[in-house]
Each structure stands twice: as C-alpha cells, then as structure tokens.
Amino acid sequence: MDQIRVTLPDGNVKEYPKGITPIEIAKCISPRLADAALVAKVYATDGNGSQSKTGIYANSVDPEPDGGLLYDLRRPLEQDVKLRILTDKDADALYVFRHSAAHLLAAAVTDLYPNVKLGIGPPVENGFFYEFLRDEPFTPEDLEKIEKKMHELAEKDLPNERKLLPKAEALKLYRDSNQLFKCELVEEKADEPMVSFYTTGKFIDFCRGPHIPSTKRIQAFKLTNVAGAYWKGQEGNAQLQRIYALAFYTQKELDDYLHRIEEAKRRDHRKLGTELDLFSIQDAAGPGLIFWHPKGGLIRTLIENWLRDELQKRGYDLVFTPHIMLFDLWKTSGHANFYKESMFGQMEVEKADYQLKPMNCPGHILIYKSKLRSYRDLPVRLAELGTVYRYERSGVLHGLLRVRGFTQDDAHIFCMPSQIESEVEACIDFAYAVMKNFGFDKFEVELSDWDPTHPENYPGKATDWEHASNSLAAVMNRMKIPYKRIVGEGAFYGPKIDVKLIDAIGRPWQLTTVQFDFNLPARFGLEFVGEDGARHQPLMVHRALLGSVERFFGILIEHYAGAFPLWLAPVQVEICPVSEKVIDYAKHLHETLKNHGIRVHLDDRNEKLPAKIRDAQLQKIPYMLVVGPKEAETGAVSVRHRSKGDLGPRPIADFVKALQEEIASRAIN
RNA sequence: GCCGAGGUAGCUCAGGGGUAGAGCAGCCGAUUCGUAAUCGGCAGGUCGAGAGUUCAAAUCUCUCCCUCGGCUCCA
C-alpha cells in the first residue's frame, strides 16, 4: 500500500497509509487532542506545493496567507503534508466553527420552514449569518423557535459530512428543489467537474468547507437580528432576509462579547449627547442636521481653536469660502456629473442656478487661481473648517457619525512634484499629532492605489500615478509607519492614504485621509510659473485630519464615554456646598475660580450633599469641591475627582494651580 | 432608497376600542444636611402627522414623516 509522509508541528515525520484522515492521526497523537480537534491545517510538502487544483488543493477553500489549507478532519490525505490539528485554542478554527454554526442555522430554518430559498451563509466577525428568501418576515418569536431548534439539532451531534457531486448533478439537485440562488452559485463558483457539498443531518448545502466534525460543539450562539440584504449585495436584486447571529467557542466568550456590546451602548454618543445636553437632531429642522447645544458648542469651539492654532503653526493659511456657488462651477469641477446623487438640489436666483456646496475644493481652487502663482509661492496650503451639505439617503443617517450637514477640517495643498514627499509627510505627522492630542494611540494606515489593469478609469498619466503612490509609500517607509496597500481602492482621481484610529474599546474609525488629485488641477487649468519662466501644472493634495468635526465629536464622546478631559470639559468644577450655611463661602469660591478662567458651576440647590455629588458624577464633571464649615474656616476646598474619588482638603490656591497645569497640558484624564 | 422593529410628558418606559399612567427631571413647600438619590405637594401630553373604519381610536386599517438594527453607500 502507498505510504505518505506527514510532518507534525514538533518536526516529527511519520509515515501513514495513503488516505488516512487528520482525525485518525490526531487519535494516534493523543485521544484528548482528537476530542478537542475542530479542523486540520495542512501544507503540501511533496514538491507539489504549487497551488494548482490538484492534490490537497482540489475542491478546497483558498489557502491561508501562510500557504496552509484548512481541511476537514475526516477528509483523507492523499499526499505528503505538514499537518496541524486545530482546536478551540486556534483563532483560525473559529472561522470554520462559525461557518458550521451558519450551516446549523440553515438546517434549523429549512427544518422549520421547508419552503425557504437559501442564499449564502458565511462566518463574520463575532458570528455568522445566513440569508433566506421567504414571503413572511421572520419575527422575533420565529428567531426564538429557530434558536431552540438549533440547540436541538446540536444536541443530536449530527456529523458534518463532505461529499462530492458532479456539477450537473448538483445543478439538478438545486433545480429540483427550486433553490434558484444556489443554482446561480453552483454555476458561478464551480470551476471543477466535481463540486463539494456538506450535509448536516437532512440538510445539504453547496459549500467548499471545511467544517467541524459535528454539531455537538456549537452551543454558545445567539440569534440577534434579521436584516434585509440584497442578493449579492446588489441593489435591484431580490432582497433576502439575513439572520445574524453571534457565535463563540464558549458561553463565557459569548457573555463577554455581550458585555462589550453593553459597554458600547453605555458609550453611545446619541444617548450621552442627550444626557449631557451636548447636541440634538430636531424633527422640525430635518434629519441629519446637527444642533450644537451650549455644552457641545463649547467643546467644539475648544477643539477648533486648538486646531486653528496648530494649522497656523504648521504653515497653513486659513480661508473661508461661500456655502453656495454657481452650479456651473460644479460642472467645471465635474461634481455636477460624478457627484450629482450626493448633492442637494440646485436653487435658482435671478435666472442663475446655485449649488449648496458638498465639497470645499472648488472654492479653494478659485482662491488659488485668483492670481498668478510663482514657484516661489509654493506650496500653497489653504485650510478651512468648511461646512458642506451632502444628500445622504435616509436609511444611512446615524447620530453624529453620518449626517447631511457637516464641517470638514479641510485643506488643499498646491505644490511642485519635488515638494510632494515633504508635504505628505507633514500631513501624516500633523494627523498623528492631532490624534495623540485627543488621547488616541493606536492606528491603522491604508494606502489605496489605482487598478493598473484599468487605466481608462482614471484621469492622469500612469507616470503620475506611479510617482504619487511611490511617494506615499516612500513617506510611510521613512516614517516607519506600517501600512496596508490596497490595489484598486483609490479614488478615481488619485491615490490616497487613510489613517484609522482605534478607540478606547477597540473599534476602528477612519478619520484622516490624504488624497492626490490629478483631476481638478487639469479641469481648472491650474498653473504656476516655474524657475524656467514657463507655466506648469501644480500637484494638488486634499487632506482632512479629523474628517468631519461632527463625526469626530461623536467618536470622542464614545472614546471618552462622555468623560471629557479637563481641558475640554464643559463644566470643569462643580462646587457642592454641604448646606446653605456656607453659601457665602461657596459664592466666594465660585467667583475666585471664575476669575482664574475656570469653567465652574455652583450647585446652590436645596439638596443634600450626596444628591449634589451624584448629579455631578452623572454629568461627568471632572472635579467636585465639597465645602462646609470646616473649609470655610480654613479657606480650603475638599476635592473629589470623578474617577479618583475623594482626594481630601487643600488650600484654594493649590487647587487652582494644579487645575491650571492640568488644563494647559491638555492631559487625558 | 430597500427589509425589519419602533414613535405615549423634557428623559426612561407601562397601557392596547369606552375620560391618558409611573419613575426621574421641572416648579412650590418642609428639611440645613460631609462624598452617587431627604420628604410632601403641584404642574406637565391633539399618545409622530394625515386620512379611514366605528356610537366611540393612543389602541384597528392605509399613507406619509422621523428614530433604531441591517443592506447599499460613506467624512
């Protein structure tokens, strides 16, 4: 009989008969391992390592980045391999586990509702979904029923069996059962004569796998919601009902995740925005439009003042441009064409059409063009906290994070090719300085390039694109910033760098974007006079650091959970007199702090101290000053910090000094 | 825009064909108090808007608006 050589993770090489399965090998190693095993990972070692559709690569998922291939435990091995048995200690296997859980969901749904049409059911972050077409909507009660059925099926320990069918037979199977979406998938995806299926009890599904051996392990899951989703994500296609679920190896991990969701809810900027009286959205004014209340407005002013200061230090010129401009301008820029569906409608004034601005660039370009520019003037950096209005479809609006009117911390840099790297570097440096100022210290950077196989989709010469994206990459390398390069994701008008920050509870947010533009300088005929006396076209870079002030504010609220650092806190100090007997001292204290430029509020309500403390805590005011007869007598204050608690008494002057230092350093809590 | 769930007092929510409810917040009064809620009283709503069914609609039907969870899109 043929033998194959199997290399184990410890380096041992063993010979087994050809056709042995990973689970059998696991049993040889240790029964405990076999019991815990979920899936195998194999690497070709027989010289046939090319990823041709032969050997282990036939009818399989695509290899992982490390060249390994996830493999069913009961799938026979036909060639020499390196083998790892994965258990619930391996993150790689979680994806397989969730995928199997998706099949369990589909098995339960088809059991309960035999007439549903199946869409796709992949694992996703934290869980999985499966899509179904059914005339009636799935109700919350249906979800409960389905979840119960899933537990029932899981208990039965149904094996997930892989089987191969000829493509024609697969199509027939799905045609006969009227599974039109599955037919479409088989047609599209199956590029081999045999296609793989998986069965879970009575349920059978076209699937490349792999799957965990049986349903028994799938216990910690929770169906969360139903959402409409277009078939293949294409608007215009049929809309299926997508059932989302969370799934983890253990109940504890599921519970932990649910706690994190609770934490995110606790931080929700919409909830905190109301509770802390920061902003509102008014039915009477329309959706997606933000009202900044006094406290939110104060924070915004502080952020903007700090930012304007930085802009000036870094060589930007601050400008203002009109909110409405002639529609013809947007024809010149091209927005009237490619950005039309995102713009508010035109308005006619004295027979001329005007357009509410969705972008600031054309305005800045007009300022650039207002006079002849010399190479000596470059780079020209025009910055504006520019408020723009964009028509967003109603279903996508979300608190401060997705709105219809917002203010970008926008800037456009006009420069010579020789200046581009230093300009980009300065932008990135600026972005990091801004983020760090607000207490963010984790970032992800993406460099999005064009798709060089379709140059016809892009304006600008290929050499421009290459030069620009190479400059971006060079800057990243010089600054030692790790980044991900994404081909084909750049804007049509130029490559870009996006910086995402990671907030206090680990969520990524895309804020900063630095984008080249090969389109607008040509459309507007931008020029500068070079050293040679001839006219040249400048390079143009769009750049926003916070992105949108509204959105950034929303992110900040959630990042700080409403507890703004002292320098941004709308009320920095709450004075809590113990009783009305010391009201005069409290008033004196109030005046003193105010005169030192501190944002202070006196709680002179007829309430007991604990109530005042509680209310100040709920308002997340950084410092509470408890004053009673003891303090009044000695000219002191008893300091309580919102998170550090009671800090004890000290002289007023000491407190003021410490406070001023904390404000000036813009310390993060 | 599409699918689903919602919209009752400033906030959080109960009620579900027969006169609109609670807690908190607000106002008034009592209490003079030491680090997360003192007690009592008063006031507050065209039940998202419009139409329909009905003797009678917050409640049932339809249309629209807005919010939430997704899809798509995106700062």
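Order of the sequence lines fixes the chain letters, A, B, ..., with proteins taken first and strands second; residue numbering starts at 1 for each chain. Worth knowing before you read on, the calculation uses all heavy atoms, side chains too, and leaves out hydrogens, waters and symmetry mates.
Under 3.5 Å, the side chains of A:Lys357 and A:Thr321 contain a donor-acceptor pair of N or O atoms.
OP1 and OP2 of B:rA25 both lie 4.0 Å or more from every side-chain N or O belonging to A:Arg605. When the side-chain nitrogen and oxygen atoms of A:Tyr230 are compared with OP1 and OP2 of B:rG70, none of them lie within a distance under 4.0 Å. Side-chain nitrogen and oxygen atoms of A:Arg270 include at least one within less than 4.0 Å of the OP1 or OP2 phosphate oxygen of B:rC68. Between A:Lys612 and B:rA36, a side-chain N or O to OP1/OP2 separation shorter than 4.0 Å is absent.
Spacing between B:rC11 and B:rC39 at atom C1', rounded to whole Å, works out to 23 Å. For the C1' atoms, the distance from B:rA37 to B:rC74 is 44 Å, rounded to whole Å. A gap of 10 Å separates the P atoms of B:rG40 and B:rG23, to the nearest Å. Straight-line distance between the C1' atoms of B:rG7 and B:rG50: roughly 16 Å, to the nearest whole Å. For the C1' atoms, the distance from B:rC60 to B:rC73 is 38 Å, rounded to whole Å. Spacing of C1' atoms, B:rC62 relative to B:rA57, comes out at 14 Å, to the nearest Å.
Residues of residues 630-646 of chain A having a heavy atom closer than 4.0 Å to RNA chain B, listed by number: A:Lys630, A:Glu631, A:Ser638, A:Arg640, A:Asp646. Residues from residues 388-413 of chain A placing a heavy atom under 4.0 Å of any atom in RNA chain B, listed by number, are A:Arg390, A:Glu392, A:Arg393, A:Ser394, A:Gly395, A:Val396, A:Leu397, A:His398, A:Gly399, A:Arg402, A:Val403, A:Phe406. The stretch residues 272-292 of chain A comes close to RNA chain B through A:Asp283, A:Pro287, each having a heavy atom under 4.0 Å from the strand.
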With sugar-phosphate taken as primed atoms, P, OP1 and OP2 and all else as base, the protein-contact string of nucleotides 37-46 of chain B at under 4.0 Å (heavy atoms; B, S, -) is BB--------
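Taking the six-membered ring where the residue is Trp, the centroids of A:His293 and A:Phe279 are separated by 6.0 Å or more.
Between A:Phe438 and A:Phe552, the ring planes are perpendicular. Angles over 60° get that label, and only those under 30° would be called parallel. Note: A:His269 and A:His398 have tilted aromatic rings, judged against thresholds of 30 and 60 degrees for the angle between ring planes. Relative ring orientation between A:Phe344 and A:Tyr389 is described as perpendicular, the plane-to-plane angle rising above 60° on a 0-90° scale split at 30° and 60°. Ring-plane geometry between A:His103 and A:His99 is classed as perpendicular, the angle between the planes exceeding 60 degrees on a 0 to 90 degree scale with a lower cut at 30. Ring planes of A:Tyr339 and A:His335: perpendicular class, angle over 60° (limits at 30 and 60°).
For the side-chain contact (heavy atoms from CB on, under 4.5 Å) test with A:Leu105, the passing option among A:Tyr130, A:Phe221, A:Phe129, A:Tyr244 is A:Tyr130; the others fail.
Remark: A:Trp509 pairs with A:Asp503 by the side chain to side chain donor-acceptor pair (under 3.5 Å) rule, at least two apart or across chains. Contacts of A:Leu397 classified as side-chain contact (heavy atoms from CB on, under 4.5 Å), with partners at least two apart in sequence or in another chain: A:Pro287, A:Glu392, A:Arg404. For A:Asn519, the side-chain contact (heavy atoms from CB on, under 4.5 Å) partners two or more places apart in sequence, or in a different chain, are A:Phe338, A:Pro459, A:Phe492, A:Tyr493, A:Asp517, A:Arg523. Qualifying side-chain contact (heavy atoms from CB on, under 4.5 Å) partners for A:Glu275, counting only residues two or more places apart in sequence or in other chains: A:Lys271, A:Leu272. Under the rule for a side-chain contact (heavy atoms from CB on, under 4.5 Å), the partners of A:Val445 that lie at least two apart in sequence or sit in another chain are A:Tyr432, A:Met476, A:Ile481, A:Tyr483, A:Ile497, A:Val499. Residues that satisfy the salt bridge (Lys or Arg N to Asp or Glu O under 4.0 Å) test with A:Arg393, not counting sequence neighbours, are A:Glu235.
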Please assess A:Val626 against A:Asp646 for the test side-chain contact (heavy atoms from CB on, under 4.5 Å), listing each intermediate value before the final yes or no.
CA-CA 10 Å; A:Val626 175; A:Asp646 192 350; over 6 Å; no
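Under the Watson-Crick or G-U wobble criterion, with both distances below 3.5 Å, B:rA30 is paired with B:rU38. For B:rC24, the paired nucleotide is B:rG10, the pair qualifying as Watson-Crick or G-U wobble because both relevant distances are below 3.5 Å. A 3.5 Å limit on both hydrogen-bonding distances identifies B:rG48 as the Watson-Crick or G-U partner of B:rC64. Checking B:rA43 for Watson-Crick or G-U wobble geometry (two distances, each under 3.5 Å) identifies no partner in any strand.
Using a 4.0 Å cut-off between a side-chain N of Lys or Arg and a carboxylate O of Asp or Glu, A:Lys484 and A:Glu444 do not qualify as a salt bridge.
As a whole-Å value, the separation of A:Phe138 CZ from B:rC3 P is 16 Å. Per the geometry, CG belonging to A:Asn237 stands 16 Å off C1' belonging to B:rC73, to the nearest Å. Protein atom CZ of A:Phe129 is 11 Å distant from nucleotide atom C1' of B:rG70, rounded to whole Å. A:Trp231 has its CH2 atom 13 Å from the P atom of B:rU72, to the nearest Å. Computed from coordinates, the A:Tyr585 OH to B:rG34 C1' distance equals 15 Å when rounded to whole Å. The separation between A:Glu446 atom CD and B:rC74 atom C1' is 14 Å, rounded to whole Å. In this structure, A:Asn225 places its CG atom 14 Å from P of B:rG6, rounding to the nearest Å. Atom-to-atom, CH2 of A:Trp509 to C1' of B:rC74 comes out at 13 Å; the value is rounded to the nearest Å.
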Where do N or O atoms of nucleotides 47-50 of chain B meet protein N or O atoms at under 3.5 Å, pair by pair?
none

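Counting non-hydrogen atoms under 4.0 angstrom, A:Ala227 reaches a base of the nucleic acid.
For residues 116-132 of chain A, every residue pair satisfying the salt bridge (Lys or Arg N to Asp or Glu O under 4.0 Å) rule, not counting sequence neighbours, is listed here: A:Glu131-A:Arg242.
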